[in-house]
There are 2 protein chains.
Amino acid sequence: MPNGTTPKLTAKGKATRGRIVEGAAAVLRERGVGAATLEDVMARTRASKSQLFHYFPGGKDELLLAVAQFEADQVLEDQQPYLGRLDSWEAWQHWRDAVVARYEQQGDQCPLGSLFHQVGRATPGARAIVVELMRRWQDALAAGMREQQAAGRLPSDLDVDTRAAALLAGIQGGVSILLSTGESDHLRAALDQGIADLRRTGEGLALSPR
Amino acid sequence: MPNGTTPKLTAKGKATRGRIVEGAAAVLRERGVGAATLEDVMARTRASKSQLFHYFPGGKDELLLAVAQFEADQVLEDQQPYLGRLDSWEAWQHWRDAVVARYEQQGDQCPLGSLFHQVGRATPGARAIVVELMRRWQDALAAGMREQQAAGRLPSDLDVDTRAAALLAGIQGGVSILLSTGESDHLRAALDQGIADLRRTGEGLALSPR
DNA sequence: GGTAGAATGGACTGCACGGTCCAGACGAAG
DNA sequence: CTTCGTCTGGACCGTGCAGTCCATTCTACC
């Protein structure tokens, strides 16, 4: 039974724990999940082994899970404020730019992807984190489309959820290819094509009844 | 300096080597890259350790690379003959079905994805395999679109390569999400949306000149 | 049918890395 | 100022697993 938090945490403890998670995240991005060791994390965060196991009694797996949650939150945060306010085609474009920039800068390390390749399908925890991230992401996209519907820039009978799912898939694939090849062409293509398709769907809608 | 093949290979040797690669591929799919050990492979293929190192002097990494190549070839092969003959919208649909079926059946194990998460960005070999796979895949899609152009079912000025890139990204993302969540909705959505978008692009083209 | 080289078996090694333990410093609360 | 619990340091352990070595058997070729 995985309980949420270890024992009591004082202010100092909280800080240390946070330091460990952030440091571990950095190490994982650099070294990759397979290669990263607890000692790497210790060196990076200047924490002793007992600290690691003090804050993450479940050992490496629990730490990885914490990092995964941290990274997952980061993903959506990095898209704000654009992702939360997709109420014009310009806003969509800004969001697109933010996504491309974020992942181009991140380069070829996949904090999340590799994480649950390690902890992976086995544990329910890891999967839950990814599922939740995808859900929130897709919901945000769908919400943006609904705003455009409300503004009369998308047909009201558009299957928003499917469209959002397809767009999200395009992003994921683009990122995935970026990670393996180092080229962001596919990410750009997927985003541009997805948005263009959307815009064209709404074309000439202004003249439809109120 | 990584040479292509070990020393001389007799017929028997070739068979054994092949057996090892296939067995290793199976083990990797089941256990995941991180968890799979050489001893697992030994058990599965009934090969001794010296055999492993006889055929793959580079050790585990070289074996993983061989498996990666094997799996990469498999991916495209599994889409044939549909992928090679995308000369009608029905053919595109058949291909779509084949892709969905293949990945739904594969379930939640990612032979390739996890492979180069392990060997990964570090080695040039792994990246090359993935890059090559993506290139061939995308080329096949682009070729299919060109056939549709030739048949007058797609505008001749369509930017085929970008469209193929976007579609490929959608597939990759759909698969990637399928792997993490177990749901194939996104893969279906990406494929259906991508193809529908394509078809709509070619709509009403029959009445164009000639 | 003999020999050179490939193919196989399996014991052995080394060590990296996750995890445990205890001893001691620090901080909060009464 | 005492006390209790959190926090930290670092030595220590066990082992799982990649990789090595040599001895033996099989295969091809003359």
Side-chain angles (χ1 to χ4, degrees), chain A residues 2-24 27-28 30-67 114-115 118-120 122-123 126, chain B residues 2-24 27-28 30-67 115 118-120 122-123:
Chain A
N3 58 358
T5 33
T6 31
K8 299 285 165 67
L9 281 194
T10 72
K12 193 179 176 188
K14 256 187 135 148
T16 303
R17 198 194 126 104
R19 210 180 71 228
I20 291 176
V21 171
E22 284 187 42
V27 169
L28 288 176
E30 285 169 17
R31 294 274 224 274
V33 180
T37 75
L38 287 190
E39 320 217 330
D40 290 335
V41 176
M42 287 166 59
R44 177 64 157 254
T45 63
R46 289 212 313 281
S48 67
K49 207 153 231 181
S50 38
Q51 280 173 296
L52 260 48
F53 282 86
H54 180 68
Y55 293 106
F56 306 94
K60 196 179 190 183
D61 283 356
E62 189 177 338
L63 175 57
L64 286 180
L65 227 59
V67 172
S114 40
L115 266 176
Q118 167 90 351
V119 193
T123 84
Chain B
N3 57 357
T5 32
T6 30
K8 301 286 167 68
L9 280 195
T10 72
K12 194 178 177 189
K14 257 187 132 144
T16 304
R17 199 195 124 103
R19 210 181 72 228
I20 292 176
V21 171
E22 284 187 41
V27 169
L28 287 176
E30 286 169 16
R31 295 274 223 274
V33 180
T37 76
L38 289 189
E39 319 217 330
D40 291 334
V41 176
M42 287 166 59
R44 175 65 154 255
T45 64
R46 288 211 314 282
S48 66
K49 207 153 232 181
S50 39
Q51 281 173 295
L52 259 49
F53 282 86
H54 180 69
Y55 294 107
F56 306 94
K60 196 180 191 183
D61 283 355
E62 190 177 337
L63 175 58
L64 286 180
L65 227 58
V67 172
L115 267 178
Q118 168 90 351
V119 193
T123 86

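A, B, ... follow the sequence lines: proteins, then strands. Residue 1 opens every chain.
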Output yes when at least one side-chain N/O atom of [X] is less than 4.0 Å from OP1 or OP2 of [N], else no.
| X | N | value |
| --- | --- | --- |
| B:Thr16 | C:dT8 | yes |
| B:Thr10 | C:dA7 | yes |
| A:Ser48 | D:dG9 | yes |
| B:Gln51 | C:dA7 | no |
| B:Tyr55 | C:dA6 | no |
| A:Lys60 | C:dG18 | yes |
| B:Lys12 | D:dT27 | yes |

Which residue lies toward the 5' end of DNA chain D, B:Ser50 or B:Ala11, if each is placed at its nearest nucleotide?
->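 Closest to the 5' end, via its nearest nucleotide, is B:Ser50.
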Output the rounded distance in Å from [atom1] ([X]) to [atom2] ([N]).
| X | N | atom1 | atom2 | result |
| --- | --- | --- | --- | --- |
| A:Leu52 | D:dG10 | CG | P | 14 Å |
| B:Arg17 | C:dA6 | CZ | C1' | 15 Å |
| B:Phe53 | C:dT8 | CZ | C1' | 15 Å |
| A:Met42 | C:dA16 | CE | P | 15 Å |
| B:Leu9 | C:dG5 | CG | C1' | 13 Å |
| B:His54 | D:dA23 | NE2 | P | 18 Å |
| B:Glu39 | C:dG9 | CD | C1' | 14 Å |
| B:Asp61 | D:dC17 | CG | C1' | 14 Å |

Under 3.5 Å donor-acceptor pair, A:Thr37 side-chain atoms to C:dG18 base atoms = no
Please evaluate the base of C:dG18 for a donor-acceptor partner in the side chain of A:Lys49 within a cut-off of under 3.5 Å?
->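 Looking at the base of C:dG18, it does pair with a donor or acceptor on the side chain of A:Lys49 (distance under 3.5 Å).
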Looking at every heavy atom in both [X] and [Y], which two are closest together, and how far apart are they?
| X | Y | answer |
| --- | --- | --- |
| A:Glu62 | A:Gly58 | OE1-N, 2.6 Å |
| A:Val33 | A:Lys60 | O-NZ, 4.5 Å |
| B:Phe56 | B:Arg17 | CE2-NH1, 3.5 Å |

Taking the side chain from A:Gln51 and the backbone from A:Ser48, do they hold a donor-acceptor pair closer than 3.5 Å?
-> yes
5'-most contact on DNA chain C: A:Gly59 or B:Ala47, nearest heavy atom basis?
->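 Taking each residue's closest nucleotide, the earlier one in sequence belongs to B:Ala47.
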Do the side chains of A:Arg31 and A:Arg44 get nearer than 4.5 Å, heavy atoms only?
->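 No; the side chains remain at least 4.5 Å from each other.
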